[in-house]
Amino acid sequence: MPRANDAVEAMLIEYADLLSILFEDPYKPRAYEKAARAVGGYSVDLEGKDLPEILKVPAVGRSIGEKIQEFLTTGELAELEELRERIPPGVRGLMSIPGLGPKKAMVLHQELGVGSVDELVAAIEQDRVAALPRFGAKTQENIARGIRQMQAAGGRVKIDVALGVAETFLELLGSLPEATRAAYAGSLRRMKETIGDVDLLVAGSDAPPVMEAFVTHPSVARVLAKGDTKTSVVTDLGLQLDLRVIPDEAWGAAMIYFTGSKPHNIRIREMAVRRGLKLSEYGLFDAKSGDLLAAESEESVYERLGMQFVEPTLREDRGEVEAALAGELPVVVTERQLKGDLHTHTNLTDGLASLEEMVARAAELGYAYFAITDHAPNLYMQRMTEEKILAQRSRIEKLRRTYPKMTLLHGTELNIDPDGEVDWDGPFLADFDLTVASVHSHFTQSRDEMTARVIRAIENPYVDIIGHLTTRQIGKRPPVDLDLEAVFEAAGRTGTAIEINSHPDRLDLSDEHVLWARRHGVRFAVNTDAHAVPHLDHRRFGVGMAQRGWLTKDDVINAWPLRKLQRFLAAGRP
DNA sequence: GCCGTTTTCGGCCCGACTGTTTTCAGTCG
């Protein structure tokens with residue numbers, strides 16, 4: 001179930017967007033955005049909380065606090081409704097086009113009557129955008145490119161959004177008396193980075209009440225099809241959900257069939273045929289006699305096919321079928337095996353939570369070690385200084401006594417500048433337990449420049465981990481242009497780990513890149529890059545990427561015991 | 001709209017980049 005905080009965050013961001021379109025004052029929307037992020041990252045669920053409790057959230061004052069209260073008690077906000085009436089929803093939608101902000105969106109709306117992305121595309125085709133004041137041919141072309149980039153995401157949503165929707169529906173469906181089991185399948189279960197539609201499975205013999213409960217859920221916007229075994233709807237977010245109701249005894253076969261992927265299913269069905277068997281969503285059968293051989297659990301079906309059980313995240317027909325037949329599947333790393341997080345931020349820089357709050361949650365997660373890695377000074381907006389980070393180190397040293405079972409590591413996230421240099425020099429860096437180095441700007445360098453830049457950082461003996469290597473933001477910013485072959489070779493050669501950034505907007509490295517890097521003997525760190533307490537739970541998505549990249553606990557440095565990790569970090573330093 | 005041992009008013013992370021401009025607005029991180 002998504003937290004009330006997430007709904008409040010979305011509400012405040014919409015309010016901020018509309019303010020920024022309608023009014024000149026830039027500070028008011030910024031205040032709402034700041035409050036939105038603070039609520040989203042706040043570790044206490046605001047559901048049912050009174051005003052004094054709400055006002056404890058940083059950046060939330062009386063005005064915003066009262067709006068949150070109204071929203072939580074009534075489910076809406078009158079002032080937001082008023083703004084919505086003044087600005088068509090499509091105009092706000094224009095702002096999600098890269099390079100298009102509130103001011104240009106408003107001009108397009110006022111001057112050309114553009115109220116949707118489709119209308120904007122039409123206006124561009126008629127060359128009407130370039131003629132607007134302070135626009136021009138290049139701006140028009142940039143907007144057109146932004147639209148193409150956005151549409152390339154193809155209506156897919158990011159994995160965290162899909163997971164939230166799936167969990168909401170499963171809570172309802174799983175509680176029905178007619179349902180004996182309920183789960184999500186499809187690409188969501190395979191942990192793909194974006195999800196086109198969500199597949200839900202319910203086991204039970206009485207389908208109609210289940211279908212009825214499904215289509216009457218409040219977030220269903222449209223029913224596409226409704227039958228006894230399959231029903232499809234579109235939610236108010238525009239996400240398609242397919243629900244299948246299947247007999248309990250066919251659960252395993254159905255989960256295999258609907259988890260996919262399609263190529264994986266084709267491979268195992270072909271295998272079945274060659275053995276005189278037939279595999280469908282109802283079970284594994286003897287082709288001649290029609291006798292049911294296995295169906296109730298996924299394990300039983302794979303076993304009867306003479307294969308190892310294949311983890312859902314591996315079912316992409318990337319060699320997993322052959323490996324499972326040979327008994328050579330990797331034992332992929334799991335969330336439980338992670339012993340620590342090596343990239344996190346606090347409110348000393350751009351994080352939302354204090355050092356103490358972040359560490360407390362890390363202890364709850366049962367970590368053996370935990371690294372704080374706030375931004376170094378070259379990201380100017382963070383205003384880091386040597387004094388501030390040394391003061392943080394003293395605080396961490398004191399905090400160590402409170403957590404005897406967890407080792408606190410003091411690190412920093414360095415900025416890789418356009419030449420591949422990082423903040424601070426060797427002697428100062430040597431005193432950190434670890435460093436993460438990442439690209440944060442100058443994304444448009446040429447492939448050669450960018451490759452040389454990143455490799456220089458990799459070869460820096462004080463750099464332990466490269467953070468979010470390609471800097472992509474899914475559906476928003478493309479990856480930088482890099483010779484990955486050369487980068488992974490350098491990382492393998494120098495023993496510099498590469499991060500799998502677990503944030504659902506990044507998931508950087510992607511699964512394909514993990515598979516590629518692995519061939520060069522690269523080690524990985526599955527990090528959250530958390531800027532708030534709830535972000536620490538994003539590790540599930542990073543682990544999904546690691547599994548999709550066939551990684552075992554031996555490949556992931558933060559699945560190692562502390563001593564082994566420390567030996568790895570110390571290696572290569574002068 | 002929020003916030004405060006530089007402030008209860010006057011600031012608001014600061015700078016780069018792009019494209020449109022003869023001095024700057026918009027967008028982004």
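Every chain is numbered from 1 and lettered A, B, ... according to where its sequence line falls, protein lines coming before strand lines.
- Residue-environment remark: CD (A:Glu81) exceeds the threshold of 12 foreign heavy atoms within 6.0 Å.
- Cation-pi geometry between A:Arg573 and A:Tyr462 is not met at under 6.0 angstrom from the ring centre and within 45 degrees of the axis.
- Taking the six-membered ring where the residue is Trp, A:His375 and A:His440 present perpendicular rings, their angle passing 60° and hence far from 30°.
- Nucleotide B:dT8 forms no Watson-Crick or G-U wobble pair with any nucleotide shown, as no partner meets the under 3.5 Å limit on both distances.
- The interatomic distance linking A:Asp350 (CG) with B:dC28 (P) rounds to 18 Å, in whole Å.
- Below 30°, between 30° and 60°, or above 60°: for A:Trp424 and A:Phe428 the angle between ring planes is between 30° and 60°, a tilted geometry.
- Shortest non-hydrogen contact noted between A:Asp508 and A:Thr471 is OD2-N, 2.7 Å.
- Comparing B:dT6 with B:dC12, their P atoms are spaced 15 Å from each other, to the whole Å.
- The distance between atom CG of A:Asn378 and atom P of B:dG15, rounded to the nearest whole Å, is 13 Å.
- Counting heavy-atom neighbours within 6.0 Å of A:Arg62 CZ, excluding the residue itself, gives a total of 12 or less.
- Taking the six-membered ring where the residue is Trp, A:Phe432 and A:His410 present tilted rings, their angle falling between 30° and 60°.
- B:dT7 and B:dC3 have their C1' atoms separated by 9 Å, with the value rounded to a whole Å.
- Near DNA chain B, defined here as any heavy-atom distance below 4.0 Å, the residues from residues 119-140 of chain A are A:Arg134, A:Phe135, A:Gly136, A:Ala137, A:Lys138, A:Thr139, listed numerically.
- Side chains of A:Glu193 and A:Ser510: no donor on one and acceptor on the other come within 3.5 Å.
- Sequence order on DNA chain B of the closest nucleotides to A:Tyr15 and A:His442 puts A:Tyr15 first from the 5' end.
- Taken residue by residue, residues 103-111 of chain A places heavy atoms nearer than 4.0 Å to DNA chain B at A:Lys103, A:Lys104.
- To the nearest angstrom, C1' of B:dC12 lies 14 Å from CD1 of A:Ile64.
- The side chain to side chain donor-acceptor pair (under 3.5 Å) analysis of residues 26-36 of chain A, with sequence neighbours excluded, yields the pairs A:Tyr32-A:Lys67.
- A heavy atom closer than 4.0 Å to some atom of DNA chain B occurs in A:Pro98, A:Gly99, A:Leu100, these being the qualifying members of residues 72-100 of chain A.
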List the atom pairs, donor and acceptor, that lie under 3.5 Å between side-chain atoms in residues 113-132 of chain A and the rest of the protein, sequence neighbours left out.
| unit_1 | atom_1 | unit_2 | atom_2 | d |
| --- | --- | --- | --- | --- |
| A:Ser116 | OG | A:Glu119 | N | 3.1 |
| A:Glu119 | OE1 | A:Gly115 | N | 2.7 |
| A:Gln126 | OE1 | A:Arg128 | NH1 | 3.2 |
| A:Asp127 | OD1 | A:Gln140 | NE2 | 2.6 |

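- A glycosidic torsion no more than 90° from 0 defines the syn conformation, and B:dT7 adopts it.
- B:dG19 and B:dG11 are spaced 30 Å apart, taking the C1' atom of each and rounding to whole Å.
- Here, B:dC17 and B:dG10 have their P atoms 34 Å apart, quoted to the whole Å.
- Look at CD on A:Glu33: it is 14 Å from C1' on B:dC2, rounded to the nearest Å.
- For the C1' atoms, the distance linking B:dT8 with B:dG1 amounts to 14 Å, nearest Å.
- B:dC13 and B:dC2 are spaced 15 Å apart, taking the P atom of each and rounding to whole Å.
- With respect to the salt-bridge test (charged N to carboxylate O, under 4.0 angstrom), the residues A:Glu141 and A:Arg148 qualify.
- Among the atoms of the strands shown, only primed sugar atoms or phosphate atoms (P, OP1, OP2) are found under 4.0 Å from some heavy atom of A:Pro102.
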In a table with atom names and distances, give each donor-acceptor pair under 3.5 Å that connects a side chain of residues 92-104 of chain A to protein atoms at least two apart or in another chain.
| unit_1 | atom_1 | unit_2 | atom_2 | d |
| --- | --- | --- | --- | --- |
| A:Arg92 | NE | A:Asp17 | OD2 | 2.9 |
| A:Arg92 | NH2 | A:Asp17 | OD2 | 3.1 |
| A:Ser96 | OG | A:Gly93 | O | 2.6 |
| A:Lys103 | NZ | A:Ser20 | O | 2.9 |

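- Taking atom P in both B:dT27 and B:dT21, the straight-line distance is 15 Å, to the nearest Å.
- A:Glu141 has its CD atom 16 Å from the C1' atom of B:dT20, to the nearest Å.
- Using atom C1' as the reference point in both B:dT20 and B:dA25, the two lie 9 Å apart (nearest Å).
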